[in-house]
Each structure stands twice: as C-alpha cells, then as structure tokens.
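This report refers to the structure that appears directly beneath it.
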Amino acid sequence: MQGQTERQLKASRSRLLKDRLARVGVTTGGVLVLVALLLIFFYLLYVVQPIFESASVKPLHSFKIDADDKTLALGMEEQAEIGYRFGDSGVAEFFALKDNSLAERKTGDTIEQKSLARAEQITSFARSLPVHQQFVYGLNNGQAIIVQPKFQVTFPETARTQGTRQVERLIMPRFETLNEGEPLQVDEQGRPLEQLAYATDGEGMLLTAVTASDTLLITKFVAEQNFLTGAVSLTPRFEQRVLTSAIRDIAVTPDLNKVFVLINNRIVVYSVSMSGAVSESQVIPLNGREFGQAQALNLMPGAATVLVSHEQGIISQWFEVPTDDGRTFKYIRQFDAGGAIVDLEVEDYRRTFYAVTVDGQLNVFHTTSEADLYSEALPNENTQAIAIDPRANHLLAEADNELTLFELSNEHPEVTWSALWQEVWYEGYPEPSYTWQSTSGSDDFESKFSLVPISFGTIKAALYAMLFAVPIGVAAAVYTAYFMSPSVRKVVKPTVEIMEALPTVILGFLAGLWLAPIVEAYLPGVIAVIVLTPLAIIGFAALWQLLPTAIRSILGEGRASLILVPIVLLVGWLSFSMSPWVEATLFDGNVRGYLTNELGITFDQRNSLVVGIAMGFAVIPTIFSIAEDAVFSVPKHLSNGSLALGATPWQTLTKVVLLTASPGIFSAIMMGLGRAVGETMIVLMATGNTPIMDWNIFEGMRTLSANIAVEMPESEVGSSHYRILFLAAFVLFIFTFFFNTIAEFVRQRLRDKYSSM
C-alpha cells in the first residue's frame, strides 16, 4: 500500500513537472513570436524613418578669395574637392575646396587661372543646364566664347605595404574652350550681346541673345560631319525678331526646341525646328496671379518645367500639359522664398532647387512634392552666389569675397506624406493623379512613388479573390460538416485540405499561361459557368425534392451531393461549347472588341477575373478547413435539442448551428482575407502588374507584395526607392495587423454573444 502511494506521488510529481515545462515552453514560444513581430515592426520603421528626415546644411570651412571682379558663376566637381569660378573680368579659376597632400594643395589655394576674354569685351554671360556644365561669355562684337571645366581623375600609387598597393585620388582640372578655341558668331551683324541664353544637346548648340534695340537673336549651330574627312563643323542658322517691349530674361531648352522670352509679365515661347526655323508657339500670361513683377527664368532638369522668379520672392512653376488644343504651358504651383531672390540654382537630376534671398536666407524646395525642405539664414547675409555639386552633397556660397563650403544632407526630397498618399501633378500629366512609376530609361524622368495605386491593387485583388472563395468555401464547409455522411466527409475534408499545400507559384503559373488565354478565348463561356453553375445546383436541388422518397433514399442521407458532380461538369461543358456561338451571334464574333469599342471597358488578358479565380482557389482550403471545424464542433446536444423541439434541419442550421459556429466561420473568412492580402506569386504571374486604379474586373492591378517582389532586386540600397519599398512592406504589415485586430474583436463579440447557447 505504501509502495503504491509512493508510485502515485512520484507519477504526480512527474506529471506536474511535465505540465510546468509545457507551460513554460508554450509561454516562451508565444513571447518569442511577439518579440519577432515587434522586431519586424521596428526594423521596418528603422529603414523607413530616414526618408522623412528634413534637409540640413552644415558649414565645413571658409576661405578668402582674391577677386576684384564680380562672380558670374560658381561650380564644383562631383567630389567637392575642386571648385571653379567665372568672373566678369573674363578670368576663370580653379581653387581647392579640400586639402590634398598628393597634389600639395590646401583649402583655398588657386590651382589654375585662365583668361577667356578682356573685361571691356564682355557684355553678357550664360550657362547651360548643370548636366552639361558649359558656360558662355557674350562679347561686344556679336560673338560668344563657350568654355567647359574638365576634370581628369587618376589614382596613382602612393605607397606599397606588405604587397598591398595604397592609392589616392588625384583630380587635375582644366578649362576647355569649345569649337577649338574659336568664338562662335551669334549675331552676323556684330552687335553687342546684352543678354544671352545657351543650351546644347551634346552635338548642336542654340544661343539666344538680345541686343540694345530689343532685338531677339536666335542662332542654332547644327553639327555637320564631312563624310570624306570625318571632320565636324558647326553651321549657324540665324533668326531675328524685333520686339516692342523690354526683354527681362531668356532661357533655352537643352533639346534645342524651345526659347522662352520674359517680357514684362508674360512669357513668349518660340519653337525652333531642326533646320533652325523659328515660330511663336504660345504666349503665357503671368499677370493673372498676385505674384508681383516677374524677374527671371530658370529651367529644371529635363527642361519640361519653367521656374519664374517674381520680385516678392514668389517662384511659380509652369510646364506643358496635354489639352484639346495640343500641349500648352500651364501654371502648376508656387513657392515662397520670403524675399527678393538673389540667386537660384537647380540640381542636376532631381526636381530640387535652391534660392537665396537678399537677406541671406537659403530656401530648399522640391517641385513635385511641393515641399519646403529647408529655410534658414546663411552665416553671411550678403551671400551673392551659390553652387551645388553634381551629387547634391555640398553647397558652395560666396559672400564678401569669401567662399564657404557647406555639407548638404537632402537624401530624399521627393518623399513626403502628401506625395505618397495624395494626388500629385507630375510633369507632362494633364492633371494631378495617383501614380507609381519608379524607373525609366531617361535621366530626365522623375520617380513617382504614390502608394495609393498599389494599396488599391492589394484590396482589389483580395476582394475579387474573396468574392470567389467565401461563398464556395463557407458553403462547402457547412454542407460537409452538417449534411454530408461521415464516410464521404472522411474523403472530402482531407482532399480539400491537401489543396492548401499546393505551391502558389504553380497556381500563378497555371493562371498566367493556361487560364488567362482560356478566359480570353472563351469569355462568354467563363461568365456562363459562373452564372449557370449555382442556378443549375439550385434547380437540381428543387427537382430532387420533388422525386419520390424511395428514389431519394437510394443514395442514402448525405450522399446526394455526389450527383452534382456530373451536373457541374455538364454545365461547364455546355457553357464552353456554346461560347463560340454566343460570341458570334451576340458580339459579332469579337467579345473583346465589343467590350472595348461599344462599352468602353478595357480588357487585359491577365486581369482581375483570372486573379480572383486563381487566388480564390488558393484561399478556399483555408476558409473551408477552419469553417468546417467550427461547424462540426458545435455540440450535438444543441442541434439534437432543436430537432427534438420540431425544428427542421434547415432551421436548426440557420438558427442554432451557424450562430454558434459564427466566431469560427468569421475567423476562417478573416484568415482567408489575410492570406489573399499577402499573396505574392499568383498576383505576380497572373496579372499585368500595372499600378492602375480601376475596379474593372477585366483589368489587372499591382499589389504591395508583388511590387516588393518585382522591384526590390533592382532598387539601390539606401535610395528613396529602396526605403519606400520597405514602407510598402510596413503598410502591408499594418493591413494584416488591422484585419487581424478587427477579426479578433468581432470574433470575441460573437463568442460572448452566443457562448450561452
């Protein structure tokens, strides 16, 4: 007896130990899951956070320059080691912005000076857009001298340690005068060029000048190659326009196609043909808005945007938009610098520009995002000129014969909450829109990072998948758990659950390469199957009830559904067999053309219908399995009690079983929705991946998950594109968290409401 008691106590202790270990294991696992989710959450925030940081400008060092002339232009090479300056005396110089022991340079040292023209000859000055970095002196004899700073970068070996070479970057600058050092004749009459604008496309050149008599000169130099010698010569084409009003400023596009002339408060736009012929294409009135007198013109990269500086510090943006009358320039937006503008510089590639006011305040703006990125006073209030290096990492400012180099931090100017979630008016677009287009083959392209289209695509794909999966999955689960005989259920339930193990890449492959062509070729048949199959099932069920009991009892209770298999197959065969006849009779043999031409509905081969069917097929097993378990787990005494009180099986199902199982059924639906929202491979392979916002079932979409899968491999680490993709992942995480939270809340409410049954 005592031995038995000891064995029981020992077994009890062992059981308690196992229970305690199990409790600790389960608790630890749950805590680790929560920690993993929190780590994912905070890592996504860590990667995304930098895109919302403000721009910053930090002074590095200053040095004096010996200059008796006025600075016409400043510049830097891309490493910000060497700067250059053009003065109104005709002298251009290079100077060191950083120490370099290899070249024996110290900050502020003059590296080279070159006299390009005599001071008394110079009447005007111009520069190309930053992408070409060419500068022009206009002379009093109608000629122009074009010069370009060049930089030769080498990496000579400075030391060798234990077989390892040590190299150091060495940059050697020089000024190169174009056209083999010969001035270009802009005015064939030899008049002084009082104003000048210049652009080049790498081969030809376009110079626009103004003489004292308000005469506009447009001279296009066309590069022609001698097919015998291979020599390239510049052939000038002269055009002259006499204007009645004083010209304030002029600008030329780098494609050499347009000339902008600012006259009082209007801009006259001239089109220049390839042969050099000039015609007036548009007059842009500026006096319809309270901007003040227009002072100067600047072109943004790509030359699609014109920035107009006004005397009150307002900068207005204009670009061409398509209209019924063709492409015309239109006012888009404005920026306030807070005072009269002394200098305005644009970046080489991004839509960011920098404006300095008379009181020395630096303003940094981004046009597309309409963002005021920075607005602070520079150390010297008398700042006269600024320059931005090609990488937009440094800013050089001149004030009182002193140059100051600043470190510039402005990594993601195009990203703001409004640019991500609101309509944005992009260059060349007829109106503001939600657009995702991250890459292009041209450097003039501006990235478009609206998350609205891909978030919309995620919801659209999930919605059509759920429309297909929920009725089938829930109805099948209810029938299998409540009506189907146990012997058939033992076969059906595992079979459907095995479908969940089917790789989604296979489903996407079949949907894109097999199902999509079938839907396109037999669209009437596909629609007929979707419509006629439920009707055929309901009609057969009605006929089944009219049959004698003896006939219905042959199959036995819960096996009648097996007869529906040939019925469904027959309906499918008839629908596809009749599809060509229906298409030829009702749609003149081309249902796709009818949808497009008659109804105005766009039809893509890989569309939402294909995605809904394929992804719905993937989601059905999840919904079926959980919902079937919920219905089957309803206590039998509830259904038996209902039947005993005289309720019919259908009344028992709707009034007792479904209500009791509703928390589980709702959880099944939300689990299926979560699976549909996060699905990647099916939507990646079965849709066109076009980020459009249209509920049209015959058009595709792009989802958050598919967008991440497609673009993450090609994105530059740390770039705006890269971080916005992580933001898309964060949005997907929030979507899933939101749906799961709502599901848990509703499920708990349903459980509390029906737990007393």
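Because only heavy atoms are used, hydrogens play no part in the values below, and waters and symmetry mates are left out as well, while side chains stay in. Because the structure is a prediction, the values reported are computed rather than measured.
Judged by distance alone, the side chain of Ser579 and the main-chain N or O of Val526 form no donor-acceptor pair under 3.5 Å. A donor-acceptor contact shorter than 3.5 Å is absent between the side chain of Ser450 and the backbone of Tyr434. His412 places no side-chain N or O within 3.5 Å of a backbone atom of Val415 that could act as its donor or acceptor partner. Side-chain atoms of Lys460 come within 3.5 Å of backbone N or O of Asn696 as a donor-acceptor pair. Under the 3.5 Å distance criterion, the side-chain polar atoms of Ser705 are matched with a main-chain donor or acceptor of Glu679. Using a distance-only test at 3.5 Å, with no hydrogens or angles considered, no donor-acceptor pair links the side chain of Gln651 to the main chain of Leu653. Judged by distance alone, with hydrogens and angles left aside, the side-chain atoms of Asp604 form no donor-acceptor pair with the main-chain N or O of Gly688 at under 3.5 Å. Ser633 places no side-chain N or O within 3.5 Å of a backbone atom of Ala630 that could act as its donor or acceptor partner.
Environment of CD in Glu714: crowded, with over 12 heavy atoms of neighbouring residues, nucleotides or ligands closer than 6.0 Å. The number of heavy-atom neighbours closer than 6.0 Å to CZ of Phe576, taken from other residues, nucleotides and ligands shown, is above 12. The number of heavy atoms from other shown groups lying within 6.0 Å of CZ (Phe738) does not exceed 12. Heavy atoms of other residues, nucleotides or ligands lying less than 6.0 angstrom from CZ of Phe617 number 12 at most. Heavy atoms of other residues, nucleotides or ligands lying less than 6.0 angstrom from CG of Asn640 number more than 12. Atom CE of Met671 sits in a sparse spot, with 12 or fewer heavy atoms from other residues, nucleotides or ligands closer than 6.0 Å.
The distance from atom CG of Leu532 to atom CE of Met578, rounded to the nearest 0.5 Å, is 10.5 Å. Atoms NZ and OH, on Lys448 and Tyr429 in that order, are 4.0 Å from each other to the nearest 0.5 Å. The CG atom of Leu732 sits 7.5 Å away from the OG1 atom of Thr680 when rounded to the nearest 0.5 Å. For the atom pair CD (Glu520) and CZ (Arg606), the distance works out to 11.0 Å, reported to the nearest 0.5 Å. Atom CE of Met499 and atom CZ of Phe624 lie 9.5 Å apart (nearest 0.5 Å). One distance of note links CD1 of Ile613 with OG of Ser608; it measures 11.0 Å at 0.5 Å rounding.
Between the side chains of Glu500 and Thr622, at least one donor N or O lies within less than 3.5 Å of an accepting N or O. For the residue pair Ser642/Lys655, the side-chain donor-acceptor check at 3.5 Å is not satisfied. With 3.5 Å as the limit, one finds no donor-acceptor pair spanning the side chains of Thr480 and Glu628.
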Before you tell me yes or no, could you show the steps for Phe52 and Leu420 under side-chain contact (heavy atoms from CB on, under 4.5 Å), namely the whole-Å CA-CA distance, both residues' side-chain angles and the distance that decides it to 0.1 Å? CA-CA 11 Å; Phe52 298 109; Leu420 292 172; 3.9 Å; yes
Under the criterion side-chain contact (heavy atoms from CB on, under 4.5 Å), I'd like the reasoning laid out for His366 against Thr368: C-alpha separation, chi angles, the key distance, then a yes or no. CA-CA 6 Å; His366 190 272; Thr368 305; 3.8 Å; yes
For a side chain to side chain donor-acceptor pair (under 3.5 Å) check, start with the C-alpha distance between Ser438 and Glu711, then their side-chain angles and the critical distance, and finish with the verdict. CA-CA 9 Å; Ser438 58; Glu711 299 194 5; 2.8 Å; yes
Candidate pair Ile623 and Val470, rule side-chain contact (heavy atoms from CB on, under 4.5 Å), full reasoning: CA-CA 7 Å; Ile623 298 175; Val470 170; 4.1 Å; yes
Test salt bridge (charged side-chain N to carboxylate O under 4.0 Å, His left out) on Arg723 and Glu411; report intermediate values, then the result. CA-CA 11 Å; Arg723 297 186 186 279; Glu411 294 296 326; over 6 Å; no
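The shortest side-chain heavy-atom distance between Asn689 and Leu684 falls under the 4.5 Å cut-off. No side-chain heavy atom of Leu515 sits under 4.5 Å from any side-chain heavy atom of Leu510. Counting only heavy atoms from C-beta outward, the side chains of Trp581 and Leu586 never approach each other to under 4.5 Å. Two residues are said to be in side-chain contact when any heavy atoms from C-beta on lie closer than 4.5 Å; Phe540 and Leu564 meet this criterion.
Put simply, the residue from Phe698, Phe603, Phe587 that forms a ring pair (Phe, Tyr, Trp, His ring centres under 6.0 Å) with Tyr594 is Phe587.
For an aromatic pair to be called close, the ring centres must be under 6.0 Å apart, and Phe726 with Tyr722 satisfies this. With ring centers used as reference points, Phe456 lies under 6.0 Å from Trp695.
Among residues two or more places apart in sequence or in another chain, the side-chain contact (heavy atoms from CB on, under 4.5 Å) test is passed with Ser447 by Phe445, Phe449.
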